[in-house]
Amino acid sequence: MLSVNMVTIDCVDLEPMVEFWTQALQTEVAVDWGDFVVLRGEPAVGLQRVEEVTPGKNRLHLDLSGGDRAPEVARLVELGGDVVRTHDVDDFGWTVMTDPAGNEFCVSDPHGTGDDGAGSEEQGETAQDDTEARDRHADEVADQTPEERAAGDAAAAQAARDDAAADER
């Protein structure tokens with residue numbers, strides 16, 4: 001049976017990407033082979049120097065979660081990430097962001113953990129709701145043009161900073 005043990009990101013300028021992702025994921029470099037760096041984690045994140053990145057939209061992106069979304073988004077903006085747009089569907093929300101090289105990734109509300117103490121029938125319904133929300137998310141991201149993804153970057157980034165500042169007060 002196959003499993004995902006690493007996701008690799010192509011980078012023209014490797015060092016700033018290693019710095020961003022190490023801080024973003026609050027991890028450390030596990031292996032550094034010069035043109036290929038592996039960050040510790042499950043799955044691991046690889047960063048690979050390339051002559052030029054493949055043009056066009058990412059065909060694969062990371063979906064990250066880990067607590068309150070607004071402070072995490074604000075922290076990532078401070079590290080050099082940019083907010084593209086924010087979505088809230090039913091009880092599931094996520095923020096589409098880009099890293100310093102323009103690679104898209106998402107930061108979502110916690111979901112699908114199954115540790116809410118509910119019975120198995122309730123957990124099954126929650127898992128189905130989570131799957132439906134993730135499917136809507138994937139469809140929505142795939143259908144967007146680069147212009148649509150770029151629209152509203154500044155407003156979304158400012159909203160994330162405002163949310164984080166409000167949470168700090």
Side-chain angles (χ1 to χ4, degrees), residues 1-87 92-115 127 130-131 133-135 137-151 153-154 156-157 160-161 163-164:
M1 179 165 120
L2 294 176
S3 63
V4 176
N5 63 15
M6 182 164 48
V7 176
T8 302
I9 301 171
D10 290 347
C11 311
V12 172
D13 196 2
L14 185 62
E15 291 76 18
M17 292 292 286
V18 170
E19 181 71 20
F20 175 82
W21 283 109
T22 300
Q23 290 182 39
L25 298 174
Q26 298 176 334
T27 190
E28 58 190 28
V29 173
V31 180
D32 184 343
W33 288 302
D35 285 342
F36 192 88
V37 175
V38 178
L39 305 182
R40 197 170 306 285
E42 298 265 338
V45 172
L47 298 146
Q48 169 178 265
R49 185 183 321 273
V50 294
E51 292 291 319
E52 65 182 60
V53 294
T54 305
K57 183 185 178 320
N58 303 29
R59 303 247 351 211
L60 176 77
H61 68 269
L62 300 176
D63 282 326
L64 309 173
S65 66
D68 290 336
R69 181 172 30 132
E72 286 297 333
V73 168
R75 183 177 70 83
L76 295 168
V77 167
E78 289 294 317
L79 293 174
D82 284 314
V83 171
V84 176
R85 66 192 159 279
T86 299
H87 302 278
F92 179 64
W94 67 97
T95 301
V96 180
M97 300 187 70
T98 57
D99 66 16
N103 298 304
E104 285 191 358
F105 63 97
C106 296
V107 178
S108 69
D109 296 328
H111 59 84
T113 60
D115 11 329
D130 289 341
T131 300
R134 282 192 298 272
D135 288 348
H137 162 66
D139 290 345
E140 188 170 305
V141 170
D143 289 343
Q144 301 237 324
T145 66
E147 293 77 21
E148 289 171 325
R149 287 193 306 274
D153 287 2
R161 286 191 291 274
D163 287 347

Quiz item: Tell me, do Leu25 and Leu64 make a side-chain contact under 4.5 Å, heavy atoms counted?
Solution: yes
Exercise. For Cys106 and Asp63, work out which heavy atoms get closest and say how close.
Key: CB-OD1, 3.1 Å
Exercise. Applying side-chain contact (heavy atoms from CB on, under 4.5 Å), name anything that partners Asn5, two or more places apart in sequence or on another chain.
Key: none
Practice problem: Could you list the residues that satisfy side-chain hydrogen bond (donor to acceptor under 3.5 Å, both in side chains) with Asp10, not counting sequence neighbours? | Solution: Gln48
Exercise. Measure across Gly67 and Pro110 and return the closest heavy-atom pair with its distance rounded to 0.1 Å.
Key: O-CD, 3.5 Å
Quiz prompt | Any residue meeting salt bridge (charged side-chain N to carboxylate O under 4.0 Å, His left out) with Asp32, in chain and number order, not counting sequence neighbours | solution = none
Self-check item: Backbone of Thr98 reached by a side-chain donor or acceptor of Asp82 within 3.5 Å
Solution: no
Quiz item: Should Ile9 and Trp21 count as side-chain neighbours, where that means a heavy-atom distance under 4.5 Å?
Solution: yes
Quiz prompt | Distance (rounded to the nearest 0.5 Å) between Glu15 CD and Leu47 CG | solution = 10.5 Å
Quiz item: Taking all non-hydrogen atoms of both residues, which atom of Met6 and which atom of Phe36 are closest, and how far apart?
Solution: CE-CZ, 3.9 Å
Practice problem: Would you check, one step at a time, whether the test side-chain contact (heavy atoms from CB on, under 4.5 Å) holds for Glu19 with Leu79? | Solution: CA-CA 9 Å; Glu19 181 71 20; Leu79 293 174; over 6 Å; no
Quiz prompt | Heavy-atom closest contact (Pro100 atom, Phe20 atom, distance) | solution = CD-CG, 3.4 Å
Quiz item: So, are Glu72 and Arg75 salt-bridged, with charged N and O less than 4.0 Å apart?
Solution: yes
Exercise. For the residue pair Val38 and Trp33, establish whether any side-chain heavy-atom pair is separated by less than 4.5 Å.
Key: yes
Quiz item: What's the spacing between Met97 CE and Phe105 CZ if we round to 0.5 Å?
Solution: 4.5 Å
Practice problem: With rounding to the nearest 0.5 Å, note down the distance linking CG in Asp99 to CD in Glu104. | Solution: 10.0 Å
Quiz item: OG1 of Thr22 to CG of Leu39: how many Å apart, nearest 0.5 Å?
Solution: 4.5 Å
Quiz item: Which heavy-atom pair separates Val4 from Pro43 by the least distance, and what is that distance?
Solution: O-CB, 3.8 Å
Quiz item: Does a side-chain heavy-atom distance below 4.5 Å link Asn103 with Met17?
Solution: yes
Practice problem: Mark yes or no for whether Ser65, through its side chain, and Ser108, through its backbone, hold a donor-acceptor pair below 3.5 Å. | Solution: no
Quiz item: Could you state the interatomic distance from CD (Glu28) to CD (Gln26), rounded to the nearest 0.5 Å?
Solution: 12.5 Å
